[in-house]
Number of protein chains: 2
Amino acid sequence: MDIKKTYSISELAKEFDVTTRSVRFYEDQGLLHPTRRGQTRIFSSKDRVRLKLILRGKRMGFSLSETKELFDLWDETLSGNEKQLLLMLDTLANKRAQLEQQKNDIAQAEMEMDTAEARCREALAELQKKKRQQKRATKEEPESIEQK
Amino acid sequence: MDIKKTYSISELAKEFDVTTRSVRFYEDQGLLHPTRRGQTRIFSSKDRVRLKLILRGKRMGFSLSETKELFDLWDETLSGNEKQLLLMLDTLANKRAQLEQQKNDIAQAEMEMDTAEARCREALAELQKKKRQQKRATKEEPESIEQK
DNA sequence: AAAATACTTTACGTTTACGTAAACTTTATC
DNA sequence: GATAAAGTTTACGTAAACGTAAAGTATTTT
């Protein structure tokens with residue numbers, strides 16, 4: 001099994017570099033389900049994994065409610081109901097399509113960045129050439145202006 | 001050169017499936033620069049390209065201001081100033097790193113979706129097996145309950 | 001010329017994902 | 001036992017990215 005530990009809110013916040021406010025917000029939205037000792041939140045390693053997934057989702061452009069839907073769907077999937085299983089498979093297929101689109105977008109962006117970078121380097125090379133020409137000019141005619 | 005045409009706001013909106021409101025908003029934020037005939041906006045093919053880039057940026061999780069920064073930077077880059085060129089190269093490197101992160105995230109997500117899908121299919125197979133067993137049972141003992 | 005269509009500006013409303021401040025308990029430290 | 005440190009709830013504020021309604025202009029169609 002996992003590192004069967006529990007975590008405080010600030011432990012998680014530090015580890016993933018988010019504010020405690022965010023963590024509480026994620027709980028509020030039903031994405032995390034910490035238990036309580038008194039009124040203090042205690043997060044399980046499952047919560048920790050989910051937090052990681054939430055943040056990755058965000059980096060991939062997923063909203064919190066999208067991520068929550070996936071979480072909920074997965075939980076219901078575990079119950080083993082056939083309908084839920086099929087729904088999950090369908091959802092997975094949709095997400096895969098979405099990821100394909102993103103991969104295309106990224107590939108396109110990378111290509112365009114390649115050409116952009118190339119143009120930058122060309123322009124820079126031009127500038128360097130001009131600089132060298134200027135230097136040569138001042139060496140060939142040192143103080144020549146004064147000898148008119 | 002490009003398809004040197006011009007576009008009305010609704011042409012663009014239809015083509016890229018966004019509202020005219022969004023297009024006006026993008027102009028407001030300085031991402032598009034249509035000219036005017038009277039008070040009516042006229043978009044160039046450059047605007048069209050930019051709109052495409054804006055939307056791709058959104059799909060990749062970029063904010064409008066991030067995209068605007070890139071546009072502005074690129075415009076200044078064209079002026080050929082050395083400092084701007086170097087700044088652009090730096091920015092490009094950063095974006096590349098960001099895309100690398102996204103590619104990692106996507107790869108991870110795909111792996112996890114693979115295992116999730118596998119589990120779903122296993123669970124479904126289990127259900128099918130049980131169904132078949134039930135069917136066989138009712139065939140082997142047709143109305144057997146009544147012959148106690 | 002009246003009506004429909006496409007465009008405009010102005011401006012307030014909405015959702016998401018938190019930030020920030022206030023006021024309060026609980027636990028650890030001096 | 002005072003005080004600091006870490007936690008809590010409540011609640012108002014905010015930036016981003018539009019939605020939506022109001023009210024007006026310009027052009028095209030009937």
Side-chain angles (χ1 to χ4, degrees), chain A residues 5-44 47-48 50-72 95 98 101-102 105, chain B residues 5-44 47-48 50-72 95 98 101-102 105:
Chain A
K5 216 194 135 193
T6 65
Y7 308 85
S8 79
I9 191 168
S10 47
E11 275 177 319
L12 284 186
K14 250 176 215 169
E15 177 173 2
F16 294 106
D17 195 34
V18 295
T19 64
T20 59
R21 176 69 177 91
S22 298
V23 176
R24 291 197 192 95
F25 185 73
Y26 300 152
E27 180 193 4
D28 224 67
Q29 302 300 303
L31 291 157
L32 300 176
H33 302 290
T35 59
R36 302 278 177 137
R37 193 180 56 203
Q39 64 173 2
T40 300
R41 276 163 255 249
I42 300 180
F43 295 88
S44 67
D47 287 316
R48 206 189 81 112
R50 289 207 159 185
L51 181 51
K52 198 186 292 187
L53 291 176
I54 291 169
L55 298 177
R56 192 167 73 202
K58 292 198 66 180
R59 287 197 303 271
M60 302 188 349
F62 287 21
S63 72
L64 292 183
S65 55
E66 274 177 302
T67 303
K68 178 182 157 56
E69 274 185 57
L70 281 176
F71 285 175
D72 292 352
K95 293 287 167 190
Q98 211 174 327
Q101 167 73 345
Q102 288 204 29
D105 286 336
Chain B
K5 217 194 136 194
T6 66
Y7 308 85
S8 79
I9 191 168
S10 47
E11 275 177 318
L12 285 186
K14 250 176 215 169
E15 176 173 2
F16 294 106
D17 195 34
V18 295
T19 64
T20 59
R21 176 67 176 93
S22 297
V23 176
R24 291 198 192 93
F25 185 73
Y26 299 151
E27 180 194 4
D28 225 66
Q29 303 300 303
L31 290 157
L32 300 176
H33 302 291
T35 59
R36 302 279 176 137
R37 192 179 59 203
Q39 63 174 2
T40 299
R41 276 163 257 249
I42 300 180
F43 295 88
S44 67
D47 287 316
R48 205 189 82 111
R50 290 206 158 186
L51 181 51
K52 198 187 291 189
L53 290 176
I54 292 169
L55 298 177
R56 193 168 72 202
K58 292 197 66 177
R59 287 197 302 272
M60 303 187 347
F62 286 22
S63 73
L64 292 184
S65 54
E66 274 178 302
T67 303
K68 177 181 160 54
E69 274 185 58
L70 280 177
F71 285 175
D72 292 353
K95 293 287 167 191
Q98 211 173 327
Q101 167 73 342
Q102 288 205 29
D105 287 336

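Below, chain A is the first sequence line, B the second, and so on; all start at residue 1.
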**Prompt:** Has Tyr26(A) got a side-chain N or O lying under 4.0 Å from the OP1 or OP2 atom of dC18(C)?
**Reply:** yes
**Asked** Using a cut-off of 4.0 Å on non-hydrogen atoms, how would the nucleic acid contact of Thr20(B) be classed: base, sugar-phosphate, or nothing?
**Response** nothing
**Short side-chain N/O contact from Ser22(A) to OP1 or OP2 of dG19(C), under 4.0 Å** = yes
**Complete:** Atom CD of Glu27(A) and atom P of dA17(C) are separated, to the nearest Å, by 17 Å
**Prompt:** Minimum heavy-atom separation for Asp47(A) to Ile42(A), with atom names?
**Reply:** OD2-O, 4.5 Å
**Message:** Distance check needed: dT9(C) P versus Arg21(B) CZ, whole Å only.
**Reply:** 11 Å
**Request:** Go through dA6(C), dG19(C), dG7(D) for me and flag the one nearest to the Ser10(B) side chain.
**Result:** dA6(C)
**Asked** Which nucleotide, dG19(D), dT8(D), dT8(C), lies nearest any side-chain atom of Ile9(A)?
**Response** dT8(D)
**Prompt:** Are Arg48(A) and Phe43(A) in a cation-pi setup, meaning NZ or CZ lies under 6.0 angstrom from the ring centre and within 45 degrees of the ring axis?
**Reply:** no
**Prompt:** Between atom CD in Glu11(B) and atom P in dT5(C), what is the gap in whole Å?
**Reply:** 18 Å
**Request:** Could you please name the option among dC18(C), dG7(D), dG19(D) that lies closest to any side-chain atom of Phe25(A)?
**Result:** dC18(C)
**Length of the line joining Arg24(A):CZ and dA11(D):P, which is rounded to integer Å** = 16 Å
**Item:** Crowding at CZ, Arg36(B) (>12 non-hydrogen neighbours, <6.0 Å)
**Value:** yes
**Prompt:** Which residue, Ser8(B) or Phe62(A), contacts DNA chain C at a nucleotide closer to its 5' end, judged by nearest heavy atom?
**Reply:** Ser8(B)
**Prompt:** Hey, does the Lys NZ or Arg CZ of Lys95(B) hover above the aromatic six-ring of Phe62(B), less than 6.0 Å from the centre and inside 45° of the axis?
**Reply:** yes
**Item:** Length of the CZ-C1' vector between Arg41(B) and dC7(C), whole Å
**Value:** 9 Å
**Item:** Interatomic distance, Arg59(B) CZ vs dA17(D) C1' [rounded to whole Å]
**Value:** 17 Å
**Among dC18(C), dC7(C), dG19(C), the nucleotide that comes nearest once only the side chain of Lys58(A) is considered** = dC18(C)
**Asked** Starting at CZ of Arg36(B) and ending at C1' of dC7(C), how long is that distance when rounded to a whole Å?
**Response** 10 Å
**Prompt:** Hey, does the side chain of Thr40(A) come within less than 4.0 Å of dA6(D)'s phosphate (OP1/OP2), counting only N and O?
**Reply:** no
**Prompt:** Checking side chain to side chain contact (heavy atoms under 4.5 Å, CB included) against Ile54(A), which of Val18(A), Leu32(A), Val23(A) comes through?
**Reply:** Leu32(A)
**Item:** Atom-pair distance (CG on Leu64(B); P on dA17(D)), nearest Å
**Value:** 4 Å
